[in-house]
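Right, one structure below, let's go through it.
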Amino acid sequence: MTINEQPSASHEQAAPEPATAPATAPARPVALITGVGRSIGIGAGIARQLAASGWDIAFTYWTPYDRRMEWGAEDGAAASIARELEKAGARTAAIEADLTGPDAPIRIFDEAEQRLGPVTALILSHAESVDSGLLDTTVEAFDRHFAVNTRASWLLIREYGLRFRGEPGSRSGAPGTGAGTGAGAGAGAGRIVALTSDHTVGNLPYGASKGALDRITLAAAHELAHLGVTANVVNPGPVDTGWMNDELREALTQGTPLGRLGTPQDTAHLVDFLCSQQGQWVNGQLLKSNGGAAP
């Protein structure tokens with residue numbers, strides 16, 4: 001019998017039931033990740049991990065920032081990262097955005113939602129970081145650090161809270177092993193994770209603006225709890241993404257009990273857990289994922 005032939009009604013055996021059409025695959029939740037401008041960066045590492053764990057990825061980048069830093073811009077990075085994520089099964093939306101503008105968060109969310117749908121997880125991994133201390137920081141540099149690291153993060157979190165439509169205690173949303181099972185009341189799928197730093201000496205505007213970011217994110221753990229959203233801060237410790245010189249790299253390696261520097265993957269694994277259903281009980285925390293490095 002060819003594949004298109006049907007059994008005769010007089011055949012001794014009952015005709016087999018027609019094959020059931022495969023169920024439509026569940027929609028992948030959407031993660032919005034800021035600061036994914038370079039393929040070796042922490043933001044890109046997080047994007048890869050979440051894509052592999054079943055998320056669609058919207059990400060922001062700002063090429064002019066990389067151009068004025070000593071490592072320079074990586075030509076074609078956004079398109080290359082997007083292709084890599086798509087190979088992992090993710091739909092993507094790469095959004096170039098200058099976070100010094102107070103209207104940028106609204107535009108970012110508009111574009112992410114239009115292209116991928118509602119955002120379930122917000123990961124803040126962007127940063128303005130230019131070394132300067134108490135005596136040589138300019139007002140312009142101070143204001144720019146706070147505009148990007150603090151104000152933009154607050155406005156992104158606020159926009160997320162205004163738009164989030166997940167159900168508290170929802171049994172859908174954050175993917176991962178066992179996702180969608182055992183969610184209790186108030187344990188929703190919404191996730192906010194912000195990356196911070198404890199560096200302040202010789203890096204005043206960066207450290208101070210990141211400290212303010214910590215407080216905003218931890219406030220979200222309480223003020224957005226009614227939405228079923230958790231919010232945590234992660235300090236990834238010394239991760240060399242191209243900004244360390246040999247002397248600093250050696251000193252930081254020596255000061256870490258594990259005898260190595262962190263990698264983007266180290267941070268990505270923790271963020272992946274926090275965004276999963278299994279990570280829902282971790283909330284309102286500042287987590288040091290730094291290999292035991294002394295401050």
Tightest non-hydrogen contact, residues Ala141 and Pro205, listed as O-CB, 4.5 Å
Quick one, Ile57 and Val36 - any side-chain contact, counting heavy atoms below 4.5 Å?
no
Between Ser132 and Thr137 the two heavy atoms that sit nearest each other are OG-OG1, 2.7 Å
Same cluster (ILVMFWY, side-chain, under 4.5 Å), Leu227 and Ile216:
yes
Does Asp110 pair with Arg163 as a salt bridge, N-O distance under 4.0 Å?
yes
Can you give me the closest heavy-atom contact between Ala112 and Ala58, atom names plus distance?
CB-CB, 3.9 Å
Paired with Ile192, the side chain to side chain contact (heavy atoms under 4.5 Å, CB included) test is passed by just one of Ile157, Leu156, Leu274, Ile123, namely Ile157
Please name all residues satisfying side chain to side chain contact (heavy atoms under 4.5 Å, CB included) with Glu140, sequence neighbours left out, ordered by chain then number.
Thr138, Arg144
Identify the two heavy atoms, one from Asn232 and one from Gly284, that lie closest to each other, and give their separation to 0.1 Å.
OD1-N, 3.2 Å
Side chains of Trp55 and Thr120: closer than 4.5 Å at any heavy-atom pair?
yes
Shared hydrophobic cluster for Leu286 and Phe273 (ILVMFWY, side-chain gaps under 4.5 Å):
no
Is it the case that the side chain of Arg151 and the backbone of Thr100 share a donor-acceptor pair, with hydrogens and angles ignored and the cut-off at 3.5 Å?
yes
I'd like to know if Glu128 and Arg68 make a salt bridge, using a cut-off of under 4.0 Å between side-chain N and carboxylate O.
yes
Starting at NE2 of His269, measure out to CD of Gln49 and round the result to the nearest 0.5 Å.
5.0 Å
Write down the atom of Ser129, the atom of Tyr65, and the distance for their closest heavy-atom approach.
N-OH, 3.2 Å
Among Asn235, Thr217, Asp214, find the residue that satisfies the side-chain hydrogen bond (donor to acceptor under 3.5 Å, both in side chains) test when tested with Thr196.
Asp214
Check whether any side-chain heavy atom of Glu84 lies under 4.5 Å from a side-chain heavy atom of Lys87, and answer yes or no.
no
Look up atom CZ in Phe59 and atom CG in Leu85, then write down how far apart they are to the nearest 0.5 Å.
6.0 Å
Any donor-acceptor N/O pair, His145 side chain to Val130 backbone, under 3.5 Å:
yes
Is there side-chain contact between Lys210 and Ser153, with at least one heavy-atom pair below 4.5 Å?
no
Glu223 CD: over 12 foreign heavy atoms closer than 6.0 Å
no
Following the transitive rule for hydrophobic clusters with a side-chain heavy-atom cut-off under 4.5 Å over Ile, Leu, Val, Met, Phe, Trp and Tyr, establish whether Leu287 and Val271 coincide in one cluster.
yes
Backbone of Gly76 reached by a side-chain donor or acceptor of Ser80 within 3.5 Å
no
Side chains of Leu195 and Ile46 in contact at under 4.5 Å (non-hydrogen atoms)
yes
Nearest-0.5 Å distance that lies between atom CG in Leu116 and atom OG1 in Thr92:
7.0 Å
Any side-chain to backbone donor/acceptor pair from Tyr160 onto Arg191? Under 3.5 Å, distance only.
yes
In the structure I gave you, are the side-chain heavy atoms of Leu224 and Phe164 within less than 4.5 Å of one another anywhere?
no
Any donor-acceptor pair under 3.5 Å linking the side chain of Asn283 with the backbone of Ala231?
yes
Donor-acceptor contact below 3.5 Å, side chain Ser53 vs main chain Leu50:
no
Does a side-chain heavy-atom distance below 4.5 Å link Leu162 with Phe109?
no
Applying the 4.5 Å side-chain criterion to the ILVMFWY set and letting contacts propagate, would Val233 and Val282 be lumped into a single cluster?
no
With side chains defined as the heavy atoms from C-beta onward, is the minimum distance between Thr60 and Glu96 less than 4.5 Å?
no
Heavy-atom closest contact (Ala152 atom, Pro105 atom, distance)
O-CG, 4.1 Å
Distance-only side-chain donor-acceptor flag, Asp266 / Thr263, under 3.5 Å
yes
Rounded distance [0.5 Å steps], CD in Glu159 versus CD1 in Ile106
5.0 Å
Please confirm whether the backbone N or O of Gly133 pairs with a side-chain atom of Asp136, one donor and one acceptor, at under 3.5 Å?
yes
Hits for side chain to side chain contact (heavy atoms under 4.5 Å, CB included) against Glu111, two or more places apart or cross-chain, chain-then-number order -> Ile95, Arg107, Arg115
Expected output: side-chain Ser125 to main-chain Thr34 donor-acceptor under 3.5 Å
yes
To the nearest 0.5 Å, what is the distance between CG on Asp131 and CG on Asn203?
4.5 Å
Is there a donor-acceptor pair under 3.5 Å between the side chain of His199 and the backbone N or O of Tyr206?
no
Any chain of hydrophobic side-chain contacts (each under 4.5 Å) joining Trp154 to Ile108?
yes
